[in-house]
Every structure is written in C-alpha cells, then in structure tokens.
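See structure below.
Whatever order the structure lists them in is the order used to number ligands and atoms, beginning at 1.
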Amino acid sequence: MSNIISGKELSKEIRAQVKERVTEIKEKYNKVPHLVVILVGEDPASLSYVTAKERACLKAGMKSTLMRKDETITEDELLAIIDNLNNDVDVHGILVQLPLPKHIDENKVINAIQKEKDVDGFHPLNVAAVHLGEKGILPATPKGIMTMLKSTGVELKGKSALVIGRSNIVGKPVAMLLLKEHATVTIAHSRTTNIKELALKADILVAAVGRAKMVTADMIKEGAVVIDVGVNRVDDKLVGDVDFEGAKEKAAFITPVPGGVGPMTIASLLENTVECFLMLESK
Ligand code: NAP
C-alpha cells in the first residue's frame, strides 16, 4: 500500500512560501513580480489553464496580466508584443500559452522571449542550462516533479529511474534532472520494445505519455516511487498514464491524477516568476 504524494497539499505549501517571498520582495523593492500571459485564440482548455495561472499569481500577491489575442494575429505582431514586454521594466515573466495557431512558428516566439523572463523555461538557453546542469529557469512540470520526489525523502542517488516519454517539455528535462541527482536514467518512448522489463527494474518511474492507464500494476517494482504526469480524459473523467488503483498496491509512493503533478506545475510557475524577478533585479 502506497503513500500518496499529494500535489494538492504540497503545492499549497509552496504557494504559501511564494506568498511570503512576495511580501518580502514588496518590502525590499516596493513592487511585486509581474507575470504577463499571452493567449492566442479561443481554445477552452488553454483558456482554463491561463485562468488558473492568473488566479494563482494574484493569490500569491503577484501582479498578473492576461493578454488575449485573436487567432488571426500575425507572427510579426506577436513578436512585436514580446519585444515590448522584454523592454518593459514592469514585466518580470512572459508566458505564451501553447499551442499557437499553425501559421506562427512556436520556436521563433519562444526564442524571442528574454531568457530572464522565460518563466516556462522553454528558451533554448534555459533548456541548455538543464542539460549542462547549470543554473537556469527550469520548466515548471519537471521542476514540480523533482519537488515531489524530494518530498518523499527517498534518496535518488544511485537509484534506477525510468522516464516514459521523451518530449521536450516533460520527458527529456525530467531525465536530465534525475541524472543531475545521480540516478541512473533510462528513457523509454513509442519505439521502445521492452518497457515492462525496464519498468520492473525502476526504483523511480515517471510516466509522461498521454495514454490512459498504460502503466499497470504488473509493470511496477515493489517499493518504487511512481510519478504520473499523464492527463487523459476518459468518459468525462481525468485519469493518468498509470493504473492508480492497481499500482498503489505495489509502489511505496505514488502521485494521483488529478491532484498530483498538475497543481505542482502551477506552484512551480509561481516560483519561477519570483526567480525571474530576482534575476532581473540583480542584473
Ligand atoms: P507528448 O509531447 O505527446 O509526448 C509523449 C511521449 O510519449 C512521446 O515521447 C512518445 O514517444 C511517448 N509515447 C507515446 N506512446 C507511447 C507508448 N505506447 N509507449 C511509450 N511511450 C510512448 O506529451 P507531453 O507533452 O510530454 O505530455 C505527456 C502527458 O503529460 C500528457 O498526458 C499531458 O497531458 C501530460 N502533461 C501534464 C502536465 C501537468 O502539469 N499535469 C504537464 C505537461 C504534460 P515518441 O517520442 O516516440 O513519439
């Protein structure tokens, strides 16, 4: 029977810490971190994500601005907005909600964000920092995952870790962060032929695929730590990539879906906004 790693509870603690730091920042600098979120188009899922981010910012005492743009905006117009925000000393974090409409090159847009304002940690220089093991802004979901892993008190050094999924925003950076903590890391993906065999050896298992309940109890090593990043809608319910009910009988620690990685992503975004503020102030 597992211990449940509650992202809901842990994220509350982090958000309270962020709020305290914002109060200190306000006393010291007479201003608060300001996050600007740009949403292009009307996608309801994206709108609900940005609304949650905005609400969390305000609750933490930060300033938040949502810039909504029509999906007909041109790439040049969007780049011009980012240029203005880069030069605005009152803005400390810039987040462009992805995906963008097809006529806009996402990489070009991300590359245009000043790296010290890149709260999502997607700018190539921040990506490079993760791979080089240097200081930079960590992408929010991997950062939240590492905070959850550390909260268990389980030593990562020397452990065998399997990350299923190799996306640039989750799988690859999580693998690099685990490597930095001296875990022995394997990355599996859609062409991996022996996932079950690899999973059964994993002390740490991170599933970031987007396939409902693909990791079943018979794939989990007794006593493993299981982090379920997946968010899948099945019959109007959210389920993870891990079959939670079965897996919790084998894992020592496991994250639920919902209430696991999701809330930690937002809490990590708030931490990143504070970090960006402090980095800009110290320039
Ligand atoms: P993604 O870009 O679609 O990447 C999915 C990865 O899974 C790919 O590397 C793919 O392999 C691999 N994959 C697909 N089918 C597989 C299979 N049968 N066996 C093994 N690997 C397989 O997804 P993502 O952006 O990383 O997100 C992954 C999941 O996490 C999604 O459910 C997403 O909604 C969720 N997510 C949650 C949060 C949160 O805050 N809770 C944040 C981000 C993402 P290939 O590379 O070979 O195609």
(request) Indicate yes or no: does an N/O atom of Arg191 lie under 3.5 Å from an N/O atom of ligand 1? (result) no
(message) Do the side chains of Glu281 and Lys31 get close enough for a salt bridge, i.e. N-O under 4.0 angstrom?
(response) yes
(request) Please state which part of Thr141 comes within less than 4.0 Å of ligand 1, counting heavy atoms only: side chain, backbone, both or neither. (result) side chain
(message) Please determine whether a side-chain nitrogen of the Lys or Arg among Glu181 and Lys159 lies less than 4.0 Å from a carboxylate oxygen of the Asp or Glu.
(response) no
(request) Taking all non-hydrogen atoms of both residues into account, name the closest pair between Ala60 and Val18 and its distance. (result) CB-CG1, 4.1 Å
(request) Could you list which atoms of ligand 1 come closer than 4.0 Å to a heavy atom of Val209? (result) 5 (C), 7 (O), 13 (N), 14 (C), 15 (N), 16 (C), 22 (C), 28 (C), 29 (C)
(message) To check your reading of the model: name the closest protein heavy atom to atom 31 (C) of ligand 1, its residue, and the distance in Å.
(response) Gly210 CA, 3.7 Å
(message) Is Val229 close enough to touch ligand 1? Criterion: a residue heavy atom under 4.0 Å from a ligand atom.
(response) yes
(message) Between the side chains of Arg21 and Glu24, is the shortest nitrogen-to-carboxylate-oxygen separation below 4.0 Å, so that they form an ion pair?
(response) no
(message) Heavy-atom distances under 4.0 Å decide this one: backbone, side chain, both or neither, for Arg211 against ligand 1?
(response) side chain
(request) Check whether more than 12 heavy atoms from other residues, nucleotides or ligands sit under 6.0 Å from atom OH of Tyr49, and answer yes or no. (result) no
(message) What I want to know is whether Val231 and ligand 1 share at least one N or O pair that is separated by under 3.5 angstrom.
(response) yes
(request) Answer with yes or no whether Ala208 contacts ligand 1, where contact means a heavy atom under 4.0 Å from a ligand atom. (result) yes
(request) Please work out whether any backbone atom (N, CA, C, O) or any side-chain heavy atom from C-beta onward of Thr192 is under 4.0 Å from ligand 1, and answer side chain, backbone, both or neither. (result) neither
(request) Quick one: closest heavy-atom pair of Val170 and Val229, and the distance? (result) CG1-CG1, 3.9 Å
